[in-house]
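All figures in this text were calculated on a predicted structure; none of them were measured in a lab. Every chain is numbered from 1, with letters handed out A, B, ... down the list of sequences. In what follows, every heavy atom counts, from backbone to side chain, and hydrogens, waters and symmetry copies are set aside.
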Amino acid sequence: MQPLAFSQISGRFISQLLSRRPRISQIKQIHAQIIVRSLVSARLSLIDSLIHCYLHSKSLNSARILFDNYRSSPPPPILLWNLMMRAYSKLQHSSEAINLFRLMIDTQAKPDDYTFTFVITSCAHQDSVVCGRIIHGMALKNGTFLNLYVANSLIGMYAAFARVDDAREVFEELSETDVFSWTSLVSAYAKNRDMRKAGEVFCKMPVRNDVSWAVMISGFVSSGRYTEALRYFHDMFPEFEPNEAVLVCALSACANLGSLDQGKWIHGYVDSNPSLQSSNAMTALIDMYAKCGRIDCAYRVFDKIMRPDIHNYTSMISGLSIHGLGEEAIHVFQRMLAEKLSPNDITILGVLNGCSHSGLVQQGSSIFYSMESSWGVVPKIEHYGCYVDLLGRAGYLAKAFGIAKSMPFNPDVVVWRALLSACRIHSNLSFGERIISYLEQLDSGSFSGTNVLLSNLYASLGKWEKVTQVRKVMGKQMNPAGIGCSWIEVGGVVHEFRVADVLHPQIVEIREKLGEILNRVGVVGYAADATHVSFDLNEEDREQAVAWHSEKLAVAFGLMSSVSGASIRIMKNLRTCEDCHAVLKAISKVYDREIIVRDRARFHTFKQGKCSCKDYW
DNA sequence: CTAGGGTTAG
């Protein structure tokens, strides 16, 4: 810390010093000098500047103490109230900003347009819309018409709560609008998962900017419409350069689609723009590579980061975990601890997940039981779910069940499913049926995922009449669009396949190729298993449906297009069925190809007739 | 030496 030279102190000199926004250590020295030399009474505005500087250096408490002293007499100017509120809202202390607003009203100070914009922005971060509605009313009473800034923050506030009608109402009342008003309205529809309406408003916008595009792209990503997200991403060129937020969203879309080629292209774009090389972008790149099956590339991005932060570490650890590299995940976790970085709840979820899939019961248990005392992370239900999964997979069914029953949460579908899955792995029918009774009591919406597990449990025990029974129920409940969907990326284009698909333009050739594949794998002993396929079809159509199963179509297309030399990557969103597993093993052997399948968040690598994943079937 | 300082969307 450089001591300041205070030989020639005057109020004017201090005022000049403060106007240069000094660092916190210097602000404190100046503050001390103001007190020592009793400059306060001579110059009240020095206190204003001092508060300003404390806020600038994010020392809210110091600023607040000065502000509170100020409040008695004379009253602080509106500007200071506003600055305090803005600081609270910027630093995510939205409740404190609202408290201050209340205090302001109580002390008869009159809020202005700035006050309203800051406090309404804070209301957007509250749990409920109630506060925002009240303050909306006050803003209306305060002036004859709504200031554009105030109105825009109201639209943004209603957007945050997905209250499209309220947002629209404020928007319609405006006599003039700007890009903020429009973007906020688009954001309201996007938050409400209504991308059709969001798109309509987006089209009507008189002026768009990078944030408007970002809102659309992130809206598509959060409603799971990744292909459309990438289409918008491409459409924004060359009119707009994507900013960091857009790239992170686009990378997330690539990660979810397994779209490695497009992900690589974005990586190149980031590499050539130093301004885009933020921590968030690195985190998204690591995640993208990991989820596209390229843990080696993820590692390379991670290793280039000078001082990885907690988010970089978290995505690296989670990436290793979904690749079944539990030991490696723990290794990176320990490296992170050695760097004096404290894990957050997601980091711990990542490590536990890694332990779970690698059978590291000791390490996982130790992390689970010490997470609160060591790092102050209170276990959430997800952590219990992960731990139950860890114990269950390792065969400690009774212990896992005990945790599920005694944890401080009511077990949810995820926890019961983890147990049910463990019952399947360890062929424990009696435990499985007990868990099913718990699952049925939960009465929570869709049971399709549960029924898949249940039917697989019965199948693994050879109880075929039970399998048929469950499949019948499933056929009635399941959304046909949500099942049996696989996709593969070839040359930057994602090709999607469904059971009994006829939509693909090259479907005839793909079908031919599939016929050839099935003939060749028949020789090494693969026989299609009709019990796991397309339950809503009649017996007659089953034989064909077996041949048309979505993963097979994707693989056939991959072989036809010679994807990435030796390896074929398929991404899918449903559990790999036994039949698919068998055919992929056979194909990897006959065609001498490496086939990587991503099933939800897990990778299975098929190589020379074997699968890397031990715990699966 | 006083005035001015401060706004909204992902």
Side-chain angles (χ1 to χ4, degrees), chain A residues 10-13 15-16 18-21 42-56 63 67 76-90 97 100 111-125 132 135-136 139 143 146-162 167 170-171 174 176-191 198 201-202 205 207-222 229 232-233 236 240 242-250 252 278 280-281 284:
Chain A
S10 72
R12 180 178 153 75
F13 176 63
S15 174
Q16 278 174 347
L18 287 174
S19 69
R20 275 189 246 141
R21 317 220 136 157
R43 239 171 206 285
L44 199 54
S45 71
L46 279 182
I47 298 298
D48 292 15
S49 298
L50 208 48
I51 292 175
H52 208 145
C53 288
Y54 274 127
L55 290 177
H56 187 74
F67 180 79
I78 290 287
L79 180 80
L80 277 189
W81 288 96
N82 292 349
L83 284 175
M84 287 299 303
M85 270 181 243
R86 184 184 69 141
Y88 281 126
S89 92
K90 279 244 162 83
L100 208 57
D112 64 7
D113 289 341
Y114 289 99
T115 322
F116 280 111
T117 44
F118 298 140
V119 75
I120 289 165
T121 308
S122 303
C123 290
H125 299 125
I135 294 173
H136 183 180
L146 273 183
N147 166 286
L148 182 59
Y149 287 99
V150 177
N152 287 348
S153 44
L154 277 169
I155 299 170
M157 187 270 293
Y158 285 125
F161 293 106
V170 178
F171 183 87
L174 283 173
E176 58 157 340
T177 56
D178 64 6
V179 69
F180 286 81
S181 336
W182 284 90
T183 305
S184 301
L185 188 62
V186 173
S187 153
Y189 286 114
K191 277 261 166 53
V201 177
F202 183 77
M205 286 179 77
V207 181
R208 287 186 276 264
N209 63 17
D210 56 335
V211 182
S212 333
W213 285 92
V215 170
M216 283 305 287
I217 294 166
S218 95
F220 280 122
V221 169
S222 47
Y232 270 74
F233 175 67
M236 75 182 284
F240 290 101
N243 57 31
E244 188 220 18
V246 167
L247 288 170
V248 170
C249 287
S252 161
S278 65
N280 279 341

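- At a cut-off of 3.5 angstrom, counting only N and O atoms as typed in the model, there is a donor on one side and an acceptor on the other between the side-chain of Asn243(A) and the base of dG10(B).
- Residue Asn147(A) contributes atom CG, which lies 12 Å from atom P of dT8(B) at whole-angstrom precision.
- With sequence neighbours excluded, the residues satisfying ring pair (Phe, Tyr, Trp, His ring centres under 6.0 Å) with Tyr158(A) are His136(A).
- dG10(B) atom C1' lies 21 Å from atom OH of Tyr158(A), rounded to whole Å.
- Counting to the nearest Å, the P atom of dT7(B) and the CG atom of Leu79(A) are 10 Å from each other.
- At the heavy-atom level, Val211(A) lies under 4.0 Å from base atoms of the strands shown.
- Using a 4.5 Å cut-off on side-chain heavy atoms (C-beta onward), Asp178(A) and Ser181(A) make contact.
- At a threshold of 4.0 angstrom between heavy atoms, the contacts of Thr183(A) include nucleobase atoms, whether or not backbone atoms are also involved.
- Here dG10(B) presents its P atom at 13 Å from CG of Leu185(A), a figure rounded to the nearest Å.
- Residue contacts for Asn209(A): at a heavy-atom cut-off of 4.0 Å it reaches a base atom on one of the strands shown.
- Remark: the Trp182(A) side chain and the Thr177(A) side chain contain an N/O donor-acceptor pair separated by less than 3.5 Å.
- Picking from dT8(B), dA9(B), dG5(B) the nucleotide with the shortest atom distance to the side chain of Phe118(A) gives dT8(B).
- Of the candidate nucleotides dT8(B), dG10(B), dG5(B), dT8(B) has the atom lying nearest to any side-chain atom of Tyr149(A).
- Thr121(A) contributes a side-chain N or O that, together with a main-chain N or O of Thr117(A), makes up a donor-acceptor pair within less than 3.5 Å.
- As rounded to whole Å, 13 Å separates atom C1' of dG10(B) from atom CG of Leu247(A).
- Atom CZ of Phe161(A) is separated from atom P of dA9(B) by 13 Å (rounded to the nearest Å).
- In this entry the distance linking CZ of Phe202(A) with C1' of dG10(B) reads 13 Å, nearest Å.
- Contact annotation for Asp112(A): base contact, defined as any heavy-atom pair under 4.0 Å involving a base atom.
- Remark: Tyr88(A) pairs with no residue by the ring pair (Phe, Tyr, Trp, His ring centres under 6.0 Å) rule, at least two apart or across chains.
- A straight line from CZ of Arg208(A) to P of dG10(B) spans 18 Å, rounded to a whole angstrom.
- Ring-to-base geometry does not place Tyr114(A) in a stacked arrangement with dT7(B) (centre distance under 5.5 Å, plane angle under 30° required).
- With dT7(B), dG10(B), dG5(B) as the choices, the nucleotide that has an atom nearest any side-chain atom of Val215(A) turns out to be dG10(B).
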